[in-house]
Amino acid sequence: MSPEKSIFSKIIDREIPATFIHEDEKCIVINDINPKARVHLLIIPKKPIATLFDLTPDDKDVMGHMMLLLPQIAQSQGLDGFKTQINTGESGGQEVFHIHIHLLGQ
Ligand code: 5GP
């Protein structure tokens, strides 16, 4: 039985709505539904990797891609500085088990 589709995969597949800031062949960037800062974005790979613990060497490209995208997205939002966070595992505060980078800026 295949694992249940994550809420982020449903957003990627347009099954539930979200405000898209960016989309390319590897990832999407959306507004967090419950923002903790003036700008609170989520950078999400299209590949449904559950947590950082599940990464394999095949994922270097997509992870590097998202890291390179962060400053570009931040600048597009008028930020000259920002915070990032990747919650990992239940004890790391992760609620959605599909890797995502929080981008927060004031
Ligand atoms: P985590 O705790 O897993 O690192 O963060 C999950 C984040 O996803 C939370 O900040 C939460 O507000 C956000 N989130 C949860 N469900 C949705 C949703 O349906 N749409 C959007 N845009 N964000 C969501």
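All ligand and atom numbering here is 1-based and tracks the order in the structure. The structure presented is a predicted model; accordingly, all values stated were derived computationally and were not measured.
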For D58 and K47, run salt bridge (charged side-chain N to carboxylate O under 4.0 Å, His left out): C-alpha distance rounded to whole Å, both residues' side-chain angles, the deciding distance at 0.1 Å, then the answer. CA-CA 11 Å; D58 284 350; K47 181 178 176 185; 5.5 Å; no
Every residue of the protein that comes under 4.0 Å of ligand 1, judged on heavy atoms: I7, F8, I11, I30, N31, D32, I33, N34, L42, N87, G93, Q94, E95, V96, H100, H102
List for me each residue that meets side chain to side chain contact (heavy atoms under 4.5 Å, CB included) alongside I7, sequence neighbours excluded, and say none if there are none. I16, V96
K60: which residues meet the side chain to side chain contact (heavy atoms under 4.5 Å, CB included) condition with it, sequence neighbours left out? none
Pair up each side-chain donor or acceptor in residues 68-91 with any protein partner under 3.5 Å, not counting sequence neighbours, and list the distances.
from : atom 1 : to  : atom 2 : distance (Å)
S76  : OG     : I73 : O      : 2.7
Q85  : NE2    : N87 : OD1    : 2.7

I33 backbone acceptor or donor facing H40 side chain under 3.5 Å: no
Between F8 and H100, how do the two ring planes meet: parallel, tilted or perpendicular, split at 30° and 60°? perpendicular
